[in-house]
Amino acid sequence: MLTLLIKEAAVAALQHLYPEQTFATDMVNVNETKVEFKGDYTVVLFPFVKMLRCKPDELGKQLGEYLVARNAALFTEYQVVSGFLNLTVNDDVFISMLQANWHNEQFGKQHQTNKKVMVEYSSPNTNKPLHFGHLRNIFLGYALGNILKTAGNDVVKANLINDRGIHICKSMVAWMRYANGATPQSTGIKGDHLVGDYYVKFNDVYKAEIAALIANGVEEKQAEKEAPIMQEAQQMLRQWEAGDKEVYSLWQTMNGWVYEGFEVSYKKLGVDFDKMYYESNTYLLGKAIVEKGLEKGVLFRKEDNSVWIDLTADGLDQKLLLRGDGTSVYMTQDIGTAVLKFNDFGLDQSVYVIADEQNYHMQVLKLILKKLGEPCADGILHLSYGMVELPTGKMKSREGTVVDADDMMDEMVRIAQEQTEQAGKADGFSEDELKNLYNTIGMGALKFYLLRVDPKKRMIFDPKESIDLHGFTATFIQYAHARICSILRKEQMILMPEANQFKGFSATQSLSKAEKDILVALEQYPEMVKTAATEMSPSVLCNYAFRLAQLFNTFYDQHSISKAENEEKKQLRLMMIIMTAQTMRQAMKMLGIDLPEKM
RNA sequence: GGACCGGUAGCUCAGUUGGAUAGAGCAUCAGCCUUCUAAGCUGAGGGUCAUUGGUUCGAAUCCAAUCCGGUUCACCA
């Protein structure tokens, strides 16, 4: 906001000084002034030097002179250093800004755009529990939904459940063979884990059967096809598609167990969805759209009856859309789901939070929809994120080399407890409060850890190294927040701005460096929300909230709030820290991270 | 081989449309608790921004080539 104001002032000044030229705000480059120099904001002069054929320092002097004279309320002084015009902003500007935003609960919230946006995330398979890699997806999607909402969009959070296919049948076959009717109730095992166990079991048996066949002289490729357990799974898939009652009923039962398990995990993760899609419901629509495309001549049929689209003219390959036997593939389902989403909500934009290994798939999906003349094609946006890997490589559910999501959450909460007790900070809480606190700290650390880096960077997580609670972490921000709350308790004030009565303070006080830094940072909050939304990057908010906490800690170390130099200063500082706490809370809330009042 | 993504301090990462001496955190070292919470603060060391060339007043940022790592190009999802 302030930078825009400065740009506008600069344009007006330039226009006045050089009436024969035309200037626009986007020609002006305004940065925060480097700490080594005096000033708050810097206008870079070089872009105008060529245009106006003048010397940078002369232009700077003219411009600075004019700006300070003309905008005395905004600028107090200027300095020109080798092509850079450093402007010092009047402290009153920051103070009145603080006062102006005081009762503004919507601080940071952008104007409603009336854009309807769907964010699809999580989208699990129903044959195994969630693992650490899914967490990155879930936190990203949930945060992005909140960020886009704050940025003024009408957001629908959606989850597409991949509930059908051969992989589901694998768990079912293994369960039938080996479970003896075991249920989550009878075993006490969480439903998704129970089903996942049989998915792993399937693969163990499958491998053993292949090995046995090979030992009997069967070729490896042939063995993979002939293994009895695989044959059973394929038979089951055919039965499922044919609507076999028993298979369908088992499918429903086992999926039900998984859903119950997921429900628990989602609740613990603190995320939710407005709309659930099931691939078992959408693949038929996909098939219908493909048939239409065939009629239109966009698609073609091969001799074996399979249906394809030719994308070679776009530099891609041919892509299969229906098998020779008429059954659908992944892409077919996705085409159906994409259109369905669009029709259900009249979307302007449909965001898919999906790992970067599917970049090609998403590119093809969009292109196919475009060629089919589906209007939803243009609104599709793939938020691609890098996979989370273990030091040993990719996580593979079927081989059991995964860090389980539920275990990870428990582990983080345990670490939070351990560290709290170690720091001797577990006193003065009730048992319930402690449980809550450990959860807030542990889950916060986990979420922050996965959100703080740019989504497209892949990350390697070493389970042997626990996630830190110091430094660039949620804990750091939570601690700063708790400190602020502690001061407010002492001053008998509360967090909500509107509920506090201030004795008031004059709008003209001189600010220390530490005070000003916080106010400058606070001023940037709406801009940060905007950036996070347009870049679709929650990490922007992680960095911002961390910086606020850092600035507060520095300020806290240098100044006393309760024992400020005078009453006016105290009131100003109280207002500052409440705004700081509130801003940190709002930013973190978007990421699904809570900040405790005491820790 | 084609397409896409990444390469910044010992490690994990920031670095808005090109702007001043490239910044944090962790780790290492040196300080700071009688004072609103030390899960904190202050300071030090640590860099051929993968390489080379180009564009210009100016390049980690833009362009080209090269090297390294990853993903993908399935009748799996």
Side-chain angles (χ1 to χ4, degrees), chain A residues 3 26 29 31 33-34 36-37 42-47 49-50 56 81-84 86 123 125 127 162 164-168 279 302 304 306-308 315-325 327-331 333-334 355-361 363-364 384 386-387 389 394 416 419-420 422-425 441 449 452-454 456-460 465 468-473 475-480 482-491 527-528 530-531 534-535 539-540 542-543 546-547 549-550 552-564 573 577 598-599:
Chain A
T3 53
D26 55 10
N29 193 333
N31 306 309
T33 302
K34 299 261 173 199
E36 314 78 90
F37 301 100
T42 296
V43 177
V44 184
L45 298 166
F46 293 108
V49 169
K50 211 181 218 170
V81 185
S82 55
F84 297 90
N86 299 331
S123 304
N125 294 346
N127 63 335
N162 184 342
R164 60 171 292 279
I166 188 73
H167 53 296
I168 313 293
E279 287 194 347
K302 287 193 178 174
D304 67 349
S306 56
V307 178
W308 296 74
L316 304 174
D317 301 310
Q318 293 195 345
K319 186 80 192 173
L320 176 92
L321 294 179
L322 282 180
R323 294 188 186 100
D325 63 4
T327 56
S328 65
V329 292
Y330 180 37
M331 187 60 79
Q333 300 169 18
D334 263 10
D356 60 5
E357 59 180 355
Q358 295 199 36
N359 285 355
Y360 180 73
H361 174 82
Q363 189 191 351
V364 170
S384 163
M387 311 268 288
E389 289 176 28
K394 237 171 157 170
Q419 303 245 346
T420 305
Q422 223 171 64
K425 296 199 172 243
I441 295 173
Y449 179 82
R452 66 183 190 178
V453 299
D454 185 286
K456 64 172 173 288
K457 286 208 163 139
R458 76 192 180 103
M459 53 198 302
I460 293 168
E465 291 170 22
D468 215 328
L469 299 185
H470 301 274
F472 184 34
T473 63
T475 317
F476 184 93
I477 298 162
Q478 289 169 328
Y479 185 64
R483 279 174 139 182
I484 291 176
C485 293
S486 171
I487 298 168
L488 297 179
R489 270 194 302 277
K490 196 180 161 194
E491 294 298 326
E527 201 57 40
M528 289 297 156
K530 211 179 192 172
T531 307
T534 51
E535 313 251 316
S539 68
V540 170
C542 289
N543 282 293
F546 178 69
R547 190 152 53 87
Q550 247 180 345
F552 166 77
N553 281 335
T554 303
F555 162 77
Y556 176 89
D557 200 58
Q558 291 177 10
H559 303 291
S560 175
I561 288 110
S562 299
K563 293 177 191 156
R573 285 180 187 164
I577 62 169
K598 212 172 127 190
M599 68 187 279

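Numbers restart at 1 for each chain; the letters A, B, ... are given by sequence-line order, proteins then strands. Because only heavy atoms are used, hydrogens play no part in the values below, and waters and symmetry mates are left out as well, while side chains stay in.
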In whole Å, what separates the [atom1] atom of [N] from that of [M]?
{"N": "B/rU56", "M": "B/rU12", "atom1": "P", "answer": "37 Å"}
{"N": "B/rA3", "M": "B/rC13", "atom1": "C1'", "answer": "28 Å"}
{"N": "B/rU55", "M": "B/rA44", "atom1": "C1'", "answer": "39 Å"}
{"N": "B/rG23", "M": "B/rU16", "atom1": "C1'", "answer": "15 Å"}
{"N": "B/rA64", "M": "B/rC4", "atom1": "P", "answer": "11 Å"}
{"N": "B/rG70", "M": "B/rG47", "atom1": "C1'", "answer": "25 Å"}
{"N": "B/rC33", "M": "B/rG40", "atom1": "C1'", "answer": "10 Å"}
{"N": "B/rG53", "M": "B/rU48", "atom1": "C1'", "answer": "16 Å"}

Nucleotide [N], atom [atom2] - distance to [atom1] of [X] in whole Å:
{"X": "A/Gln422", "N": "B/rU37", "atom1": "CD", "atom2": "C1'", "answer": "18 Å"}
{"X": "A/His559", "N": "B/rU35", "atom1": "NE2", "atom2": "C1'", "answer": "16 Å"}
{"X": "A/Arg489", "N": "B/rU37", "atom1": "CZ", "atom2": "C1'", "answer": "9 Å"}
{"X": "A/Tyr330", "N": "B/rC73", "atom1": "OH", "atom2": "C1'", "answer": "15 Å"}
{"X": "A/Lys319", "N": "B/rU72", "atom1": "NZ", "atom2": "P", "answer": "12 Å"}
{"X": "A/Ile460", "N": "B/rU12", "atom1": "CD1", "atom2": "P", "answer": "8 Å"}
{"X": "A/Leu45", "N": "B/rC57", "atom1": "CG", "atom2": "C1'", "answer": "12 Å"}
{"X": "A/Arg458", "N": "B/rU12", "atom1": "CZ", "atom2": "P", "answer": "11 Å"}

- Message: Looking only at side-chain N and O atoms, does A/Thr473 offer a donor or acceptor that is under 3.5 Å from a partner on A/Asp468?
- Response: no
- Report yes if a side-chain nitrogen or oxygen of A/Arg452 is closer than 4.0 Å to either non-bridging phosphate oxygen (OP1 or OP2) of B/rC26; otherwise report no. no
- Counting just side-chain N and O atoms, does A/Ser486 come under 4.0 Å of either OP1 or OP2 of B/rU37? yes
Measuring from the side chain of [X] (C-beta onward, heavy atoms only), which nucleotide among [options] has the closest atom?
{"X": "A/Glu357", "options": "B/rU72, B/rC36, B/rC75", "result": "B/rU72"}
{"X": "A/Tyr360", "options": "B/rU72, B/rU37, B/rC75", "result": "B/rU72"}
{"X": "A/Lys598", "options": "B/rC75, B/rU37, B/rC26", "result": "B/rU37"}

Look at all strands and tell whether [X] reaches a base, only sugar-phosphate, or nothing, counting heavy atoms closer than 4.0 Å.
{"X": "A/Lys530", "result": "nothing"}
{"X": "A/Gln478", "result": "nothing"}
{"X": "A/Lys563", "result": "sugar-phosphate"}

- Message: Can you tell whether the side chains of A/Asp304 and A/Lys302 come within less than 4.0 Å, N to carboxylate O?
- Response: no
- Message: What does the B/S/- profile of nucleotides 15-21 of chain B look like, 5' to 3', with a 4.0 Å heavy-atom cutoff to protein?
- Response: --B-BB-
- Task: Indicate for each nucleotide in nucleotides 38-46 of chain B, in 5' to 3' sequence, whether protein heavy atoms under 4.0 Å reach the base (B), only the sugar-phosphate (S), or nothing (-).
- Result: SBSSS----
- Under 30°, 30 to 60°, or over 60°: which ring-plane class applies to A/Phe46 and A/Phe84, parallel, tilted or perpendicular? perpendicular
- Roughly how far, to the nearest 0.5 Å, is the CZ atom of A/Arg573 from the NE2 atom of A/His559? 5.0 Å
- How far does CD of A/Glu527 sit from OG1 of A/Thr531, to the nearest 0.5 angstrom? 5.5 Å
Specify the closest pair of heavy atoms between [X] and [Y], including all atoms of both residues, with the distance to one decimal.
{"X": "A/Ser539", "Y": "A/Arg452", "result": "CB-O, 3.3 Å"}
{"X": "A/Lys456", "Y": "A/Asp356", "result": "O-OD2, 4.5 Å"}
{"X": "A/Ile477", "Y": "A/Phe546", "result": "CD1-N, 3.7 Å"}

- Message: Checking base pairs now: Watson-Crick or wobble, both atom distances under 3.5 Å. What partners B/rC26?
- Response: B/rG10
- Item | Any strand: nucleotide that pairs with B/rC36 via Watson-Crick or wobble, under 3.5 Å | none
Using nucleotides 4-8 of chain B, report all nitrogen or oxygen pairs with the protein that are shorter than 3.5 Å.
| unit_1 | atom_1 | unit_2 | atom_2 | d |
| --- | --- | --- | --- | --- |
| B/rG7 | OP1 | A/Lys457 | NZ | 3.4 |

